[in-house]
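Working notes, structure below.
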There are 2 protein chains.
Amino acid sequence: MNRQRLLCADCKAPCLMKEINDPEAVKIVEEKKTTLVCSKNQKIFHEDMPVNSISFIHSGIIKVYKTGINGKNHIIRFSKTGDILGHRGLNTKYYPVSASTIEDSSICLFPKDFFITFLENNSRVAFKLLLFFSKELENSEIMQFNLAQMNVREKVAETLLYLNTTFGTDKNNRLNITLSRQDLSDYAGTTKEQVSKILSEFQSENLILLDKKDIIINELNELKKIASFGVHLS
Amino acid sequence: MNRQRLLCADCKAPCLMKEINDPEAVKIVEEKKTTLVCSKNQKIFHEDMPVNSISFIHSGIIKVYKTGINGKNHIIRFSKTGDILGHRGLNTKYYPVSASTIEDSSICLFPKDFFITFLENNSRVAFKLLLFFSKELENSEIMQFNLAQMNVREKVAETLLYLNTTFGTDKNNRLNITLSRQDLSDYAGTTKEQVSKILSEFQSENLILLDKKDIIINELNELKKIASFGVHLS
DNA sequence: ATTAAAATATGACAAGTATCATACTTTAGT
DNA sequence: ACTAAAGTATGATACTTGTCATATTTTAAT
C-alpha cells in the first residue's frame with residue numbers, strides 16, 4: 001500500500017466528482033485528494049474502524065462485506081472503477097462494513113469533514129448522491145428478497161447474472177471478474193461446496209463453462225430463466 | 001379511503017418536513033400537501049404503479065414489501081408516524097415495492113415533481129434525507145446479513161427485537177404492534193408455521209407470553225442472546 | 001520442473017426447514 | 001350469543017441444504 005498522485009483532469013473513471021462543473025471547485029477538491037494504491041487481497045478498512053475519509057475507486061475491484069462468526073462473511077457488493085466507497089460512513093463514526101481488494105486497486109480519498117462540507121455547499125452533487133443512495137437501497141432490498149426467497153440454485157444463477165451485469169464479459173463471454181468459490185458463496189448466501197456443486201451442474205447443462213477459476217457464460221437466457229423467480233439487480 | 005385536511009402546524013409527527021425553518025416555505029409546502037386517510041389492510045400503492053407522490057405517515061402503521069410468487073411476500077420494513085413513504089420512487093418511474101396499512105392510517109402526500117424541486121432548493125433538507133437514506137441502507141444491509149446467515153430461531157428472535165425497538169411496548173411489555181403469523185414470517189424470512197413453532201418454543205422457555213395475537217416480551221436480554229450472532233437494527 | 005500448500009469437486013450423511021394435514025382458537029358479522 | 005370463516009398450533013414427513021471427508025486440481029514458491 002503506497003500513495004501516489006493522480007490528477008482528476010486525466011481521470012477516465014465516471015465518479016461522482018465528475019459532476020462538479022465549476023473549475024475553481026475542481027481545483028479545491030483536487031488539493032484535498034490523496035490516492036492509495038494497493039495490491040490484491042488487502043484490507044482497505046475494517047468494521048469498527050473510525051471513518052476518516054470517503055473514497056472513489058480509480059481502478060480495480062473491491063469487495064464490501066460484513067464479518068460473521070467463524071469466518072463466514074456476507075459480501076454486500078463488489079465495487080469497481082468510479083464507484084464510491086465508504087459512503088456509509090457519512091452518518092456513522094465507525095465503518096459498518098469491511099472492504100478488501102479483489103484485484104490490484106487504486107482509490108482516491110477525501111477527508112470526511114471536507115466531503116460533508118462540500119456536499120452541503122453543492123446541492124446538485126448532493127442530490128446526485130441522494131439518487132445514488134436510493135438506487136443502492138433498491139439493490140439492497142432486491143438482495144433481501146432474493147436471500148429470503150430463492151433456493152440455492154436460483155441464488156447462484158442470480159449471482160452470475162449480477163457479475164455479468166456489473167463487470168461484463170470479454171468477447172468470448174468470459175466474466176471480467178475472477179472470484180474464489182468462497183467469495184461467490186459469501187455473496188450468494190450459501191456455502192462454497194454448494195457453489196461448486198451448482199456450477200458443475202450448470203456446466204453439465206452447458207449453461208456455463210469452467211476454465212480454471214474463470215467462468216464463461218454460454219446461455220445467459222437460461223440462467224435468467226432459472227433466476228426468473230427473483231427480481232434482478234441493475 | 002378519503003381525504004381530509006391536516007395542518008402541519010398542529011402536527012406532532014417527527015417528519016422530515018419539520019426540518020424546514022423558513023415560515024414562507026412551510027406555507028408553500030402546506031399548500032401542496034394532500035392527506036389520505038385509510039383503514040387497516042388497505043393497499044396504498046403497488047409495485048409497478050407510477051410514482052406521483054412522496055408521502056409521510058401522519059399516523060398508523062404501514063408495511064412495505066415485495067410481492068413474490070404464490071403469494072409469499074417479503075416485508076422490507078414496518079413504517080410508522082413520521083416515517084417517509086414511497087421515497088424510493090425518487091429515482092424510479094414506478095414503485096419498486098408495495099405498501100399496505102397494518103392499522104388505520106393517515107398519510108400526507110406531496111407531488112413528486114414538487115418534492116424534487118423542493119429538495120434541490122433546500123440543501124439542508126436534502127442533506128438530512130441523504131443521511132436518512134444512508135441509515136436505511138445500513139438497516140437493509142444488516143437485514144441481508146441476517147437473512148443470509150441466521151437460522152430460523154435467530155431470525156424470529158431478531159424480528160421480535162426489531163419490533164420492540166421500532167414500536168416499543170406498553171408498561172406491561174406488550175408490543176405496540178400486532179401482526180399475523182404470516183406477516184411475521186414474511187419479515188423474518190421463513191414460513192408462518194415455523195413462526196408459530198418458534199413463538200411457542202419461546203413461550204415455553206418463558207421468554208415471551210402469547211396473548212391472542214399480542215406478544216408480551218418477558219426476557220428481552222435472552223432474546224438478544226439468541227439473536228446475538230447477528231447484527232442489530234436500530 | 002518439482003513440490004507443498006491451497007483451492008476445488010464430489011459423494012455420503014446429518015441437520016434444519018418447508019410442506020402438508022388436521023385440530024384448535026379467535027375473529028367478525030349477523 | 002351464535003356461527004362461519006379466518007387464523008393459529010402442532011405433529012408427521014419429505015426435501016433441501018450444510019457439514020464432513022476425501023480425492024483431485026490448481027497455484028505459487030523453490
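Numbered from 1 within each chain, the chains take letters A, B, ... in sequence-line order. What's counted below: heavy atoms across the whole structure, side chains too, no hydrogens, waters or symmetry copies.
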Exercise. Please list, in 5' to 3' order, the outermost nucleotides of DNA chain C lying under 4.0 Å from any heavy atom of chain B.
Key: C/dT17 to C/dT27
Quiz item: Which nucleotides of nucleotides 15-22 of chain D have their base under 4.0 Å from a protein heavy atom (B), which only their sugar-phosphate (S), and which neither (-), written as one string 5' to 3'?
Solution: --SBBB--
Self-check item: Residues that A/Glu201 engages under side-chain hydrogen bond (donor to acceptor under 3.5 Å, both in side chains), provided they are two or more places apart
Solution: A/Arg153
Practice problem: Without swapping roles, check the side chain of B/Gln203 against the backbone of B/Leu210 for a donor-acceptor pair under 3.5 Å. | Solution: yes
Between side-chain atoms of residues 212-223 of chain B and protein atoms elsewhere (two or more places apart, or another chain), which donor-acceptor pairs fall under 3.5 Å?
| residue | atom | partner | partner atom | Å |
| --- | --- | --- | --- | --- |
| B/Asp214 | OD1 | B/Thr178 | OG1 | 3.0 |
| B/Asp214 | OD2 | B/Arg174 | NH1 | 2.9 |
| B/Glu222 | OE2 | B/Lys225 | NZ | 3.1 |

Quiz prompt | With B/Phe202 via ring-ring contact (aromatic ring centres under 6.0 Å, His included) - residues at least two apart | solution = none
Quiz item: Taking B/Lys72 for the side chain and B/Thr190 for the main chain, is one N or O donor matched with an acceptor at less than 3.5 Å?
Solution: yes
Exercise. Check whether any side-chain N or O of A/Lys155 sits under 3.5 Å from a backbone N or O of A/Gly189 as a donor-acceptor pair, and report yes or no.
Key: yes
Exercise. Determine, for nucleotides 23-30 of chain D in 5'-to-3' order, which nucleotides have protein heavy atoms under 4.0 Å from the base (write B), from only the sugar-phosphate (write S), or from neither (write -).
Key: ---SS---
Quiz item: Can you pull the ring pair (Phe, Tyr, Trp, His ring centres under 6.0 Å) pairs that have at least one residue in residues 35-54 of chain B, sequence neighbours excluded?
Solution: B/Phe45-B/Tyr95
Self-check item: Test ring-ring contact (aromatic ring centres under 6.0 Å, His included) applied to A/His58 - qualifying residues, sequence neighbours left out
Solution: none
Self-check item: Residue list, side-chain contact (heavy atoms from CB on, under 4.5 Å) with A/Asp48, at least two apart or on another chain
Solution: none
Self-check item: Side chains of A/Gln149 and B/His74, donor plus acceptor under 3.5 Å
Solution: no
Quiz item: With distance as the sole criterion, is a donor-acceptor pair present between the side chains of A/Gln42 and A/Thr101 under 3.5 Å?
Solution: no
Exercise. Taking A/Ser185 for its side chain and A/Gln182 for its backbone only, find out whether a donor-acceptor pair lies under 3.5 Å.
Key: yes
Exercise. Take atom CD1 of B/Ile198 and atom P of D/dT8, then tell me their distance rounded to the nearest Å.
Key: 16 Å
Quiz prompt | Any residue of residues 178-186 of chain B with a heavy atom less than 4.0 Å from an atom of DNA chain C | solution = none
Quiz item: With a 3.5 Å cut-off and no angle check, do the side chains of A/Glu47 and A/Thr67 form a donor-acceptor pair?
Solution: yes
Quiz item: Counting any heavy atom closer than 4.0 Å, what does A/Ser200 reach on the DNA or RNA strands: base, sugar-phosphate only, or nothing?
Solution: sugar-phosphate
Quiz item: Who are the ring-ring contact (aromatic ring centres under 6.0 Å, His included) partners of B/Tyr65, not counting sequence neighbours?
Solution: none
Self-check item: Separation of atom NZ in B/Lys192 from atom C1' in D/dA9, rounded to whole Å
Solution: 12 Å
Self-check item: Five-pair end axes of the helix from C/dA1-D/dT30 to C/dT30-D/dA1, angle between them (10°)
Solution: 60°
Self-check item: Centroid-centroid under 6.0 Å between B/Phe133 and A/Phe132 rings
Solution: no
